2 protein chains.
Amino acid sequence: MSDLLGRLRGRGWRMTSQRRVVAEVLDGDHVHLTADEVHARAARRLPEISRATVYNTLGELVSLGEVTEVSTDGRAKRYDPNAHHPHQHLVCSGCGTIRDVHPTGNPLADLPAEERFGFTVSEVEVTYHGLCPSCARSAHLDA
Amino acid sequence: MSDLLGRLRGRGWRMTSQRRVVAEVLDGDHVHLTADEVHARAARRLPEISRATVYNTLGELVSLGEVTEVSTDGRAKRYDPNAHHPHQHLVCSGCGTIRDVHPTGNPLADLPAEERFGFTVSEVEVTYHGLCPSCARSAHLDA
DNA sequence: TTCTTGACTTGGACTCTGTCCATCGTAGGA
DNA sequence: TCCTACGATGGACAGAGTCCAAGTCAAGAA
């Protein structure tokens with residue numbers, strides 16, 4: 001994700017201050033922000049940026065393959081700027097925190113042909129669910 | 001999922017006509033319905049059933065472990081009555097159809113301890129994405 | 001069988017996430 | 001510098017889901 005701005009310019013992206021700010025927000029910490037969180041952080045630098053623009057820009061970054069969408073629960077989608085390094089996700093069922101993980105093995109190979117029902121399978125998404133250390137502690141206290 | 005009603009009664013569920021109808025809808029075809037689809041089918045038998053009741057009942061079935069929630073895209077959650085047989089999902093990126101699949105291998109074992117960040121990992125969800133035969137055909141025609 | 005009561009249902013208001021659109025502004029080439 | 005098409009704006013709208021006060025009824029008690 002580094003030098004994202006350069007790559008975007010190279011692809012003929014018209015560079016506006018709004019797009020720059022959104023890209024910079026994503027280029028910062030490798031956390032998994034919701035669209036609203038991206039908007040909030042972008043607005044700290046560019047107060048008048050609109051939600052619609054953030055949604056548009058995120059959508060474009062996704063279709064350019066610079067960012068991937070993650071929808072772990074049924075709530076807001078999260079945006080993962082780590083699109084150039086294949087990885088999976090580990091999600092805390094308590095607080096929703098997401099961490100990137102790199103399991104061994106190849107789950108695509110684990111799906112036998114007779115279980116594919118004629119589908120052209122192109123991608124596998126593996127999501128590990130559990131409790132992060134701090135949520136595990138509070139769950140223990142509750143019991 | 002068969003004899004769901006019996007199991008629920010055994011657990012002290014107060015049996016109302018609304019809950020019975022919702023359970024019967026799920027007990028039918030093993031498709032993956034959205035809450036609204038469940039509501040529509042339930043309303044065919046019990047026209048005055050409300051959306052809130054359908055949501056409540058689905059939520060209870062989920063916490064009882066009789067039904068699992070699947071949120072593949074960012075759209076509506078789907079409800080999978082096949083909770084007693086472990087399986088994964090194969091989703092068509094075109095039309096959203098979901099099929100149950102049974103991959104070999106154990107993805108939980110594929111996550112090394114140093115990639116767990118102290119989490120208590122309890123569950124893995126594997127989602128295969130691709131195009132179903134009919135969507136693959138129309139994609140081909142478009143090209 | 002009837003009574004009683006607390007669990008369940010209802011429907012409408014509300015929230016949250018996301019999309020759409022008409023209008024305005026501006027990046028970047030001529 | 002000027003033009004213009006592409007991008008931004010914000011407000012209306014839509015879909016999914018939650019909440020709540022008031023009414024209803026399943027099932028145990030008498």
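Each chain gets a letter, A, B and so on, in the order its sequence line appears, and its residues count up from 1. On a predicted model such as this, the values are computed, not experimentally measured, just so you know.
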Whole Å only: how far is the [atom1] atom of [X] from the [atom2] atom of [N]?
X: A/Glu48; N: C/dC24; atom1: CD; atom2: P; answer: 18 Å
X: B/His39; N: D/dG15; atom1: NE2; atom2: P; answer: 16 Å
X: B/Asn56; N: C/dG11; atom1: CG; atom2: P; answer: 13 Å
X: A/Ile49; N: D/dG10; atom1: CD1; atom2: P; answer: 10 Å
X: B/Glu60; N: C/dA7; atom1: CD; atom2: P; answer: 12 Å
X: A/Arg20; N: D/dA8; atom1: CZ; atom2: P; answer: 12 Å
X: A/Leu8; N: C/dG28; atom1: CG; atom2: P; answer: 12 Å
X: A/Glu69; N: C/dT19; atom1: CD; atom2: C1'; answer: 13 Å

Toward the 5' end of DNA chain D, by each residue's nearest nucleotide, B/Thr16 or B/Asp36: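 In this pair, the answer is B/Asp36.
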Residue met sooner reading DNA chain D from 5', once B/Arg9 and B/Arg75 are mapped to nucleotides: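 So the residue in question is B/Arg75.
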Strictly below 4.0 Å: does [X] bring a side-chain N or O up to OP1 or OP2 of [N]?
X: A/Ser50; N: D/dA8; value: no
X: A/Thr53; N: D/dT9; value: yes
X: A/Arg19; N: D/dG7; value: yes
X: B/Tyr55; N: D/dT18; value: no
X: B/Gln18; N: D/dT24; value: no

Check: B/Thr68 side chain, B/Ala83 main-chain N or O, donor-acceptor pair, under 3.5 Å: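 Side chain of B/Thr68 to backbone of B/Ala83: no pair is present.
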Side chain of A/Ala52 - closest among D/dG11, D/dA8, D/dG15: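 Nearest to the side-chain atoms of A/Ala52, counting from C-beta on, is D/dG11.
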Sugar-phosphate only, base, or nothing, as touched by B/Ala76 at under 4.0 Å among non-hydrogen atoms: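 The residue B/Ala76 makes sugar-phosphate contact but no base contact.
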Salt-bridge criterion met for A/Glu24 and A/Arg41 (N-O under 4.0 Å):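 The answer is no: the pair does not qualify as a salt bridge.
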A/Arg11 bridged to A/Glu60 by N-O distance under 4.0 Å: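 Salt bridge flag = no for A/Glu60 with A/Arg11.
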Over 12 foreign heavy atoms within 6.0 Å of CZ, A/Arg45: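 Count over threshold, so yes.
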Residue closer to the 5' end of DNA chain C, A/Trp13 versus B/Trp13 (nearest nucleotide):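 Counting from the 5' end, the first nearest nucleotide belongs to B/Trp13.
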Centroid-centroid distance, B/His102 to B/His85, less than 6.0 Å: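 Not under 6.0 Å, so no.
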Polar side-chain contact B/Arg14-C/dC8 base: donor and acceptor under 3.5 Å: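 Side chain to base: no pair below 3.5 Å.
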Donor-acceptor pair under 3.5 Å, B/Arg51 side chain vs C/dT10 base: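 Flag unset: no donor-acceptor pair detected.
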